[in-house]
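A short worksheet on the structure shown next.
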Protein chains: 2
Amino acid sequence: MTTGQGLRERKKERTRQALITAALELFEERGYDETTIAGIAAGADVSTRTFFSYFPSKEEILFADTEERLALAFEVIDGRRPDEQPADVLVRAMSAVFDRAGHFSREFVRAAPVRLRMIFAVPAVQGVALRRLLSAQQRLARRLHAAFPDRLDAVEAAALVGALVGAVTNTMMTVAGESDGIEELLTGDPERFLVELRRAVEIAVRGAAGPGAQPIRRFSRTRPPSHQSR
Amino acid sequence: MTTGQGLRERKKERTRQALITAALELFEERGYDETTIAGIAAGADVSTRTFFSYFPSKEEILFADTEERLALAFEVIDGRRPDEQPADVLVRAMSAVFDRAGHFSREFVRAAPVRLRMIFAVPAVQGVALRRLLSAQQRLARRLHAAFPDRLDAVEAAALVGALVGAVTNTMMTVAGESDGIEELLTGDPERFLVELRRAVEIAVRGAAGPGAQPIRRFSRTRPPSHQSR
DNA sequence: TGCTTTGTTTCATTCGCTGCAATTTTGTGC
DNA sequence: GCACAAAATTGCAGCGAATGAAACAAAGCA
């Protein structure tokens, strides 16, 4: 991806990178809302209109690299060993996405901290982040279902992915939302962060009820005839 | 809430309802993107500017009623019986939000179908929906932590809520995303839908790994020295 | 060297959203 | 009832995001 074929593609890639770089710099420098698309375009030495032929919105430029990371998870799922449990495969897939030991592109290392800060500060970015998250869940579920066609139906796969991703996401937000959470996460050793994630995964895998719980729970058993108040 | 104190408040409430009604009608009639705020305001016989003193954006008008539904879940959590399991309380809370047996305001009955359709069709609405969802998870987790101060720490509560909400949400999206999913969900008997939700809750409560699984899973055990490729 | 394709620019336009000052409407003390 | 304070509403001016169309420049190819 670094070396394109012709001059045309290489130039396009350079423009793309210039836009990303300019945007991240401006976001950090003056803040997200204070950065205009015109400013980003100017920083990359292109016209405002050109920006929109690379990214559909100001928000999306923050997520320029997420697709390839999701692909890591897909790889794990597609390459599952025949004797593995669905939950195990999913845990490995999550690990592939978050683990520092994996391959981080330069793009990711540069963008991730800014992105996280923006997700916590800017509603518009939150919207995009969460939309991507949900779409990723759906795709993971489809993939998982395809990988275990006779052990999981579509809904089970969705529930499984949802439980795992939900636990991890909410844990991540909680940990990162604490004072110093983001800084600790971004600058220092990610160990504590990974420890919490492991706990979250464990809860999701072993069940919210914990080990000594009764086998089955009820959901909306009650159904009185009363309807529609107010 | 139906009867305000003075003329002022009653008029305000009437204007608010007029805006909601006009918006829902227009959304259904010509579609979300085709509906302008100016059009909504005109439908409610107020100025465009006035719209913004009631709702901060076009999206939020679709979620005018969600806060009170979340309050139902809070009630359940706050009023837990002392001997209950956290997971059980959470399941009951979810049930209170989704179950048809509960109290549906007129607002909700009117808005929910349109809202669901828009969530599936309009990215901007997805963004708001998911932002609200995550914020709700955080608040639920805080509340749950407060309800079980010595059985759950903050991160466990977050993971638990995340797992349950994640499973339910993703299941809901999957079921509703099927052809006829939304229609079946909205018009007919919600039974099949609730059945699937119950399965999702069960998976989240009993654990993604299923009953016969090994007790503990690993998460990102591997950590080779290689760092930062590409 | 010309022709085609593709990327870029400029321009105009629509819409979401905000701040501000003027105006109207409502509540209240007299 | 009446005047005055508080609050809601309005119009307007303006910024920025986003899109469409046509002119223009550059790259690839014969």
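We name chains A, B, ... by the order of the sequence lines, and we start the count at 1 in each one.
Residues of residues 33-40 of chain B that place a heavy atom closer than 4.0 Å to DNA chain D do not occur. Taken residue by residue, residues 126-134 of chain A places no heavy atom nearer than 4.0 Å to DNA chain C.
Residue pairs meeting the salt bridge (Lys or Arg N to Asp or Glu O under 4.0 Å) criterion with at least one partner in residues 156-169 of chain A, sequence neighbours excluded, are Glu156(A)-Arg199(B).
Residues satisfying the side chain to side chain contact (heavy atoms under 4.5 Å, CB included) criterion with Asp45(A), sequence neighbours excluded, are absent altogether. Remark: Arg142(A) pairs with no residue by the side-chain hydrogen bond (donor to acceptor under 3.5 Å, both in side chains) rule, at least two apart or across chains. Applying the side chain to side chain contact (heavy atoms under 4.5 Å, CB included) rule to Ser57(A) yields the partners Glu59(A), Glu60(A); only residues at least two apart in sequence or on another chain are considered. Residues passing the ring pair (Phe, Tyr, Trp, His ring centres under 6.0 Å) test with Phe63(B), sequence neighbours excluded: none. Residues meeting the side chain to side chain contact (heavy atoms under 4.5 Å, CB included) test with Ala158(A), sequence neighbours left out: Ala141(A), Asn170(B), Thr174(B). With sequence neighbours excluded, the residues that form a side chain to side chain contact (heavy atoms under 4.5 Å, CB included) with Thr169(B) are Leu134(A), Leu133(B), Val165(B), Met173(B). Not counting sequence neighbours, the partners of Tyr32(A) by the ring pair (Phe, Tyr, Trp, His ring centres under 6.0 Å) test are Phe27(A).
Heavy atoms only, all atoms of each residue included: Leu62(A) and Val114(A) are closest at CD2-CG1, 4.2 Å. Closest heavy-atom contact between Thr48(B) and Ile37(B): CG2-CG2, 4.1 Å.
We find that OH of Tyr32(B) is positioned 10 Å from C1' of dG16(C), with the value rounded to whole Å. To the nearest angstrom, C1' of dT26(C) lies 12 Å from CD of Glu9(B). We find that NZ of Lys58(A) is positioned 9 Å from P of dG16(D), with the value rounded to whole Å. If you measure from atom CD of Glu59(A) to atom C1' of dA18(D), you get 11 Å, rounded to the nearest angstrom. dC11(C) atom C1' lies 15 Å from atom CZ of Phe52(A), rounded to whole Å.
In this structure, the helix from dT1(C)-dA30(D) to dC30(C)-dG1(D) shows an angle of 10° between the axis at its start and the axis at its end, each fitted on 5 base pairs and rounded to 10°.
Counting only N and O atoms by type, the side chains of Ser53(B) and Thr50(B) include no donor and acceptor under 3.5 Å apart.
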* Quick one, give me the B/S/- string for nucleotides 5-12 of chain D, reading 5' to 3', where B means a protein heavy atom under 4.0 Å from the base and S means that only happens at the primed atoms, P, OP1 or OP2. => -BSSSBBB
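Remark: Glu67(B) engages Arg139(B) in a salt bridge, criterion side-chain N to carboxylate O under 4.0 Å.
For the atom pair CG (Leu152(A)) and NE2 (His145(A)), the distance works out to 8.0 Å, reported to the nearest 0.5 Å.
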